[in-house]
Amino acid sequence: MIPAISHVSPIVTVGVPVYNGERYLARAIESILAQRFADLEVIISDNGSTDGTADICHRYAQQDRRVRYVRNERNMGAAFNYNRLVDLARGRYFKWMAHDDLCAPDLIGACVAILEREPAVVLCYAPTTFIDETGRPLRTIRDGFHFRDPRPSDRFRRFLPLARGWMNPVFGVYRTDVLRQTQRIGRYPSSDMILIADITLRGEIHELSESLFFRREHREMSVRANPSALERQRWFDPAYRGRAPLVHWQWIAEYLRIIRCAPISLGEKIRCVTALTRWVRWTRRELLGEAITAVRYAPVLRK
């Protein structure tokens, strides 16, 4: 059954950050508007696109009153654009939707059903099917972030060894009030990983059984268009003018920060730090490599 559309505020806000996304944007918007769960709003935040993105957005905003279009006059970086959408959201639940991805018609409804039924769950997401430029399925993966443990430290401990590669749960459906309590997307590479870690400290995560989310792999996607750490840093924050970040060292600092700020007991924080210490041992090779690189190039960078 399709719920009636709320005239006061929608149940779900879908935020679409986009920059020069004319190739895939229309299909992404269509997949949201085709959701069987209709009580939603779609906010598209255009990061100063220079292609036909604005025309596409204006067209959908005129056709469907659930669509709202906002635009930054210049590219403010991915972090700013993602976080702006959270600020603008009116829904009780929130979902980011990349401009090149697709959703099955039942995705949002299935996630909302879990969130309505399970008050301890703060993020619900579906397994991911990767698709190519034409929409052909490539592979389906279960991310394994089904963390229904009541203790925050157990959820955090289970998260750490999985925090590699694609962070697909970031495109799930959140409780908006909980998401706003986090630092959201930071201005540094892999900040989506830190966000999901923060979420584990604030509530349970539920992974659906059916793959209802389709993530597109193509040459222009951010991780391929920005292969180096410095390029990814500037994708998140174009104003960044420093050297390549010490990614793994920054992760440690951010993990410690979210543990310190989490609304959990001192005992739980100690357990989280203990789990992080074990994780540091697993990544010592990367940490050492970054430290050596920083020392080697420091004299050059000071000139």
Side-chain angles (χ1 to χ4, degrees), residues 14-21 24-25 28 43-51 53 70-89 94-101 123 125 128 143 159 163-172 174 179-200 215-258 261 283 286-287 290 293-294 297 301:
V14 179
V16 184
V18 61
Y19 174 70
N20 287 349
Y24 302 112
L25 178 59
I43 307 175
I44 309 169
S45 183
D46 180 0
N47 221 353
S49 294
T50 57
D51 63 357
T53 291
V70 295
R71 176 181 170 86
N72 305 319
E73 289 307 311
R74 58 187 176 86
N75 187 345
M76 302 291 291
F80 176 91
N81 211 29
Y82 271 69
N83 294 335
R84 183 188 191 192
L85 288 162
V86 182
D87 292 332
L88 295 173
F94 178 86
K95 169 181 169 53
W96 279 301
M97 175 74 175
H99 77 275
D100 46 3
D101 293 339
L123 168 62
Y125 75 98
T128 302
D143 297 275
F159 168 83
R164 294 284 185 176
W166 302 96
M167 198 56 49
N168 298 309
V170 77
F171 292 108
Y174 303 79
L179 179 59
R180 284 176 172 158
Q181 294 167 19
T182 71
Q183 293 296 310
R184 308 175 201 177
I185 300 296
R187 295 176 176 269
Y188 55 88
S190 298
S191 55
D192 53 352
M193 179 182 74
I194 303 300
L195 168 61
I196 299 301
D198 200 349
I199 290 292
T200 68
R215 191 164 188 178
R216 195 184 302 273
E217 288 190 79
H218 57 96
R219 289 172 297 176
E220 293 84 24
M221 66 190 306
S222 61
V223 293
R224 293 187 178 175
N226 304 279
S228 73
L230 184 56
E231 288 172 312
R232 287 193 294 274
Q233 172 67 64
R234 289 175 178 164
W235 182 76
F236 280 96
D237 180 12
Y240 183 83
R241 292 295 178 266
R243 56 190 171 87
L246 300 177
V247 176
H248 288 79
W249 289 96
Q250 185 168 20
W251 292 348
I252 294 173
E254 295 296 332
Y255 278 137
L256 289 172
R257 180 187 58 77
I258 64 171
C261 297
T283 59
E286 291 91 343
L287 292 166
E290 287 182 354
T293 299
Y297 288 102
L301 292 166

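Please read these numbers as outputs of a predicted model, since none were measured by experiment.
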pair [X]-[Y]: side-chain heavy atoms closer than 4.5 Å:
X	Y	answer
Ile44	Val70	no
Tyr240	Asp237	yes
Arg84	Met76	no

Specify the closest pair of heavy atoms between [X] and [Y], including all atoms of both residues, with the distance to one decimal.
X	Y	value
Gly186	Ala79	O-CB, 3.5 Å
Tyr19	Gly48	CE1-O, 3.7 Å
Phe236	Pro189	CE1-CA, 3.5 Å
Leu85	Gly15	CD1-C, 3.6 Å
Ala98	Ala28	O-CB, 4.0 Å
Arg215	Asp101	CA-OD1, 3.3 Å

Checklist entry - Going by the angle between their ring planes, with limits at 30° and 60°, are Tyr24 and His99 parallel, tilted or perpendicular? => result tilted

Would you say the side-chain atoms of [X] pair up with the backbone N or O of [Y], donor to acceptor, closer than 3.5 Å?
X	Y	value
Trp96	Val170	no
Asn20	Thr50	yes
Thr53	Gly21	yes
Ser49	Asp46	no

Checklist entry - Hey, are Asn47 and Arg71 close enough side-chain-wise for a donor-acceptor pair under 3.5 Å? => result no

Checklist entry - Between the side chains of Asn72 and Asn81, does any donor sit under 3.5 Å from an acceptor? => result yes

Next on the checklist: Regarding Asp87 and Arg184, does a basic nitrogen lie under 4.0 Å from an acidic carboxylate oxygen?
Outcome noted: yes

